Protein chains: 2
Amino acid sequence: MISIDLTAATPLVEQIEQQIRQALAAGELLPGEPLPPVRQLAGDLGVNLNTVARAYRALEAQGLVVAQRGRGTVVAPRGSRKPNKATSNALGVAMDQVLSDARLKGFREAAIRQIFEASLARFWQRG
Amino acid sequence: MISIDLTAATPLVEQIEQQIRQALAAGELLPGEPLPPVRQLAGDLGVNLNTVARAYRALEAQGLVVAQRGRGTVVAPRGSRKPNKATSNALGVAMDQVLSDARLKGFREAAIRQIFEASLARFWQRG
DNA sequence: ACTATAAGTATCATTGTATGATACTTAAAG
DNA sequence: CTTTAAGTATCATACAATGATACTTATAGT
């Protein structure tokens, strides 16, 4: 289930998008499976339907879902995307971001490793 | 040295802030050491001085630097911050973010580990 | 066939954030 | 004690995020 935080700095569209991405990565949503209609999810979250629609469209632009008028939005089949040098660099940048932050906040190496392993298990165990 | 990307989605203030944070975390800037004056850095980056000033103030709010009128901005002494449950959770969320993204982009577990170790070395080797 | 309903989409208004231009204040140097 | 160099405050503007509303397309029921 998705939960949004109106006080958070990250835009609502991104919050929704990211959480669905995590559900996809974790294998909680399988190819062909329908996402909730924009109006329903918007109602559940107390948000404008456009906000959800925009999240869906962002996901569609990434090839993760397929949306069609009148029919709904479903999870796309798993395209076999292969990471290139650029995406690898981007990942490194994002990781640096997280770890430098952790360092300044006083985390020890062991604690970081633990968090890393936990997260890794979430997305690579099954799926 | 700092480099900014005018086309990137992340605001200039954050780009500057994050890169200085990484320099601090990597031990490239030591306590007491001065940061460049806002006008100079702003000039180098081709950016308004307020943009740099705001980044500095954000860093000051985090206790990482100390700014004083007429004198300049210097790196703050290392406060011994201890991570609590909330910060640990936040770190987990950030890590999930990065790893779920990597998963969807087709990275394999081994590749992730490599990137993680490289980043870890950047911020925990020395310092 | 035809209508009703349910789905995504497009358009416009509004609000807030990011950035910049300019002026102000404080401290050090000559 | 004036000049210069530093951070700070104020205001203006452009763009992004969200919402209100209307539109289009597909399916279900009759």
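Letters A, B, ... mirror the listed sequences (proteins, then strands); counts begin at 1. For clarity, every value in this text was computed on a predicted model and none was experimentally measured.
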Check whether Q19(B) reaches the backbone of S3(B) with its side chain - one donor and one acceptor, N or O, closer than 3.5 Å. yes
Quick one: does N50(A)'s side chain have a donor or acceptor within less than 3.5 Å of a partner on A53(A)'s backbone? no
In the structure I gave you, are the side-chain heavy atoms of L35(B) and V74(B) within less than 4.5 Å of one another anywhere? no
Could you run down the sub-3.5 Å N/O contacts of the protein with nucleotides 15-17 of chain C?
none

Produce the list of close N/O pairs, under 3.5 Å, pairing protein atoms with atoms of nucleotides 15-19 of chain D; give distances to one decimal.
unit_1, atom_1, unit_2, atom_2, d
dT18(D), OP1, L12(A), N, 2.4
dT18(D), OP2, V13(A), N, 3.4
dG19(D), OP2, N48(A), N, 3.0
dG19(D), OP2, T51(A), OG1, 2.9
dG19(D), O6, R54(A), NH2, 3.0

So, does T87(A) use its side chain to make a donor-acceptor pair with the main chain of N84(A) at under 3.5 Å? yes
The complete set of salt bridge (charged side-chain N to carboxylate O under 4.0 Å, His left out) pairs with one or both residues in residues 80-95 of chain A, sequence neighbours excluded, reads none
DNA chain D: stems of at least 3 consecutive Watson-Crick or G-U pairs, cut-off 3.5 Å? C:1-30 with D:1-30
Spacing between I16(A) atom CD1 and dG8(C) atom C1', to the nearest angstrom: 15 Å
If I take atom CG in residue D5(B) and atom P in nucleotide dA18(C), what distance separates them, rounded to the nearest angstrom? 17 Å
As a test of understanding, state which of I112(A), L99(A), D101(A) forms a side chain to side chain contact (heavy atoms under 4.5 Å, CB included) with L91(B). I112(A)
List the steps, then state whether side-chain contact (heavy atoms from CB on, under 4.5 Å) holds for T73(A) with V66(A). CA-CA 6 Å; T73(A) 304; V66(A) 176; over 6 Å; no
Taking side chain to side chain donor-acceptor pair (under 3.5 Å) as the cut-off, I'd like each qualifying pair that reaches into residues 7-16 of chain A, sequence neighbours left out, listed once. D5(A)-T7(A)
List, with names and distances, any nitrogen or oxygen atoms from the protein found under 3.5 Å away from nitrogen or oxygen atoms belonging to nucleotides 28-30 of chain C.
unit_1, atom_1, unit_2, atom_2, d
dA28(C), OP1, R71(B), NE, 3.2

Value in whole Å for how far the C1' atom of dA27(C) lies from CZ of R69(B): 11 Å
Taken in chain and number order and not counting sequence neighbours, the residues that satisfy side chain to side chain contact (heavy atoms under 4.5 Å, CB included) with P36(B) are Q40(B), L41(B), Y56(B)
If you find the nucleotide of DNA chain D closest to Q68(A) and the one closest to T73(B), which residue's nucleotide is nearer the 5' end? T73(B)
Once salt bridge (charged side-chain N to carboxylate O under 4.0 Å, His left out) is applied, do any residues pair with D96(B), and if so which ones, sequence neighbours excluded? R122(A)
Using distance alone, with no hydrogens and no angle criterion, decide if R21(A) and Q62(A) have a side-chain donor and acceptor under 3.5 Å apart. yes
Name every residue in residues 37-45 of chain B that has at least one heavy atom under 4.0 Å from any atom of DNA chain D, in order of residue number, or write none if there are no such residues. P37(B), V38(B), R39(B)
For E109(B), check salt bridge (charged side-chain N to carboxylate O under 4.0 Å, His left out) against everything at least two apart and list the hits. R113(B)
Using a side-chain heavy atom cutoff under 4.5 Å and only I, L, V, M, F, W and Y, what cluster partners does L30(A) have? none
Which pairs count as salt bridge (charged side-chain N to carboxylate O under 4.0 Å, His left out) when at least one residue sits in residues 54-72 of chain B, sequence neighbours excluded? none
Do F116(A) and M95(A) have side chains that get closer than 4.5 Å, going by heavy atoms? yes
Value in whole Å for how far the P atom of dT11(C) lies from CZ of R57(A): 10 Å
